[in-house]
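Worksheet: one structure, shown below.
None of the values given here were measured: they were computed from a predicted structure. Numbers restart at 1 for each chain; the letters A, B, ... are given by sequence-line order, proteins then strands.
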Amino acid sequence: MVNTYGTIQFMAKPSIASTGVVVGPVEKESSFAEEFDEILPLENEKDETFERANTRFIEKACEVTIRKAHEQMENIDVFIGGDLINQLSPTNFAARQLSIPFLGVFSACASSMESVILGSLLLESGNARSVIAGASSHHPAVERQFRYPLEYGSQKPGTAQWTVTAAGYALLQKQAKNAPIITHATIGRVVDGGQTDPLHMGAAMAPAARDTIERHLTNTNSRMADYDVIMTGDLGKIGLSILKEMFQDEDSGVILQDAGAQFYGEKSFYNAGASGAGCSAAVFFSYVYNQLKNGVFNRVLLVATGALLSPLTFQQGETIPCIAHAIECRMEKRG
Amino acid sequence: MEQKQFDKIVDQQTPKTPLFVNMLKAFLVGGIICTIGQLITFFYIRFFPFTERTAANPTVATMVFIAMILTGTGLYKKISQIGGAGSAVPVTGFGNAVISASIEHKPEGYVLGIGGNMFKLAGSVIVFGVVSAFFVALIKTILVKLGVVSW
Amino acid sequence: MKNAIYILLLCFLTACSNEVNEAIYPENDSSEIKQVLNNYDSVKGYSSVTDKNDVLVAIDIRRMSRFNKEKIEKKISKKLEEKFPDKEVLVTSDLKIRWEVEKIIEQSMQEDEMTKSIKKIKSLSKEET
Amino acid sequence: MISSLITSFVVGGLICVVGQILMDVFKLTPAHTLSTLVVSGSILDGFGLYEPLIDFAGAGATIPITSFGNSLTHGALAEAEKHGLIGVLTGMFEVTSSGISAAIIFGVIGAFIFQNSKTTY
């Protein structure tokens, strides 16, 4: 393990052995719908609270992940996960059910990459053989905590994003067969672009994404064109165009992509696109992972961005600090 | 990158709010809601012993009842996405704020959930209505006592 | 398109106020009420009933004069009180009361019945909001 | 009657346009917008301007939330006229209770009837 200016280079070839993505009913409108492992017909079952439903999504995603790798729950050493609800209660409650040694992480919508980085570090140091890592978000549960009651009519501006209902988890193992390996990771710095509008997250998160991507490129001594795709988590359509504008790189136009901007395609109902911890997790662990496995992509940079605000801080007039964590994945040529 | 430069980029890339279109939609939706209110007022005047003045009360209650049905069936937020202030400013918007909060917090129990959270959005309207009414009435009463204005 | 809507609305606003409706019951002492009411341009119609104690006048005020509704009502009722010093005068532009008064006229009620209705109407109008 | 409907449409619509301007131009949240309108309704009544508007526009003036501030002030003023300064405190809710009580009652009934579990958006 080598750390240069915040970018970690993994030597032990931690790899993503399998993934599991479980999404809610609204997400069947997603342009990635075919890639998801399971689409549940209901956001919550009768008499089930949204928080409890969020827990169920996480449990389900973990089960799918482990089943696809033909592993047993008992053989997993550590479970790392996060979500957006206060005190991480859904993930904590899922850990109660799974009874795997558990680390809860929070960096808002960047939680997915944070847990993968931590998992890779555990593998690298030899302290674990199998780690399950990921994140989730649940639209109604998140909405009621951060914004207004679900049935409250408030006009959403074009910059607003739709928090997805999704749980995405990945099983990390050293040198799994025919699986993409994680070569580098860049831990993000908290960057504040001075934005205050909680309905314009893309603008708030773009500086954090730029900071992480730029540091990653410098530290690994590479250029944008070296990657098949650099995919950010949930900047949304407007956030992505802000990021592209900030780079002014001739390659940024095609290579920079955003999971949130593509999640719901061009449907105007979702305004600027998707967001939420589950958004980056779902897209990275389904679409991007499958493309890597099928050899369409060989080298990708996944950057999950998170806005570290709470309903209290923006009412208190604080600006929105943001963070972005990145991992670089490669698919080794099959020999 | 400097803050100024970044702010400029954000400004360029963020689509402008379609102010005129939004105003027109608010006008139409708000106007329609008020016209429905007027029809209900006529109904109460015609078939019940209410005058123009006293019919306002049952009209407001009926509008809140309609807001309950629309909120519970999930239609009100769709109307709001089009209408904006047009659906928020009429009393139905006040009803929507109260009713949506109480439906939302049902899982936390009747006392702490519904009772405690019902006014978490609409409470400020009552607070500021009462406070401003107090001061306006106080000032006017004092001015009348001083003989500056009359009732 | 939008201008057209506004023009249409304006047309509606002005066009709807042309029908004039005057009814006084019983007709024998109509002249004095008529005299008073015809002086007011803002009143476009009225119906009135009188019994031995009361004068009830329901007026229809032009839309744009409605801002001054209370003032107009007060003025007219003062004028009428001068003409009928021994009767109680009630002048109102309330729709409910106009409908009730019209009902009395339509049914051409007898004295007793009318007194009863007038009492009911007066108690209605006294109710605060 | 038709003219009443039109005036209530126009006046009610215009009050909503003011709300939309507060939201879009001054970037206020819905709660801030409604509070501002309620305060302005009560100030207008202080000048004796809101009641003529109700006379003119009917439901166009009573349905928007501004009438809430108006009737609170109106109750307080009516009571103050009778009982002096102390009436300012006691008369406040005399006139307006219908909006609040309807919201509370239908809020509780709505919570009983409706579930917050629909997934169709």
Self-check item: Those residues that, when tested against Phe68(D), pass ring pair (Phe, Tyr, Trp, His ring centres under 6.0 Å) (two or more places apart)
Solution: Phe94(B)
Quiz item: By a 4.5 Å heavy-atom criterion (distance strictly below it), what part of Ile104(D) contacts chain B: side chain, backbone, both, or neither?
Solution: both
Quiz prompt | Heavy-atom check, side chain of Thr17(B) versus side chain of Lys27(D), under 4.5 Å | solution = yes
Quiz item: Which residues pass the side-chain contact (heavy atoms from CB on, under 4.5 Å) test with Val11(D), sequence neighbours left out?
Solution: Ile15(D), Leu53(D), Phe56(D), Ala57(D)
Quiz item: What residues of residues 38-50 of chain B sit under 4.5 Å from chain D when you count only heavy atoms?
Solution: Gln38(B), Leu39(B), Thr41(B), Phe42(B)
Quiz item: Under 4.5 Å between any side-chain heavy atoms of Val125(B) and Ile65(D), yes or no?
Solution: yes
Quiz item: Quick one: are Val89(B) and Gln20(D) in side-chain contact, heavy atoms under 4.5 Å?
Solution: no
Quiz item: Where the side chain of Ser35(D) meets the backbone of Phe128(B), is there a donor-acceptor pair that is under 3.5 Å apart?
Solution: no
Quiz item: Is Arg53(B) paired with Asp55(D) through a side-chain N to carboxylate O contact shorter than 4.0 Å?
Solution: yes
Quiz item: With a 4.5 Å heavy-atom cut-off, do Leu28(B) and Phe9(D) have their side chains touching?
Solution: yes
Self-check item: chain B contact via Phe93(D) - which portion, at a heavy-atom distance below 4.5 Å
Solution: side chain
Quiz item: Is the closest side-chain heavy-atom distance between Pro90(B) and Cys16(D) below 4.5 Å?
Solution: yes
Quiz item: Can you list the residues that meet the side-chain contact (heavy atoms from CB on, under 4.5 Å) rule with Val18(D), with sequence neighbours excluded?
Solution: Leu37(D)
Quiz item: What's the spacing between Met23(B) CE and Asp24(D) CG if we round to 0.5 Å?
Solution: 9.0 Å
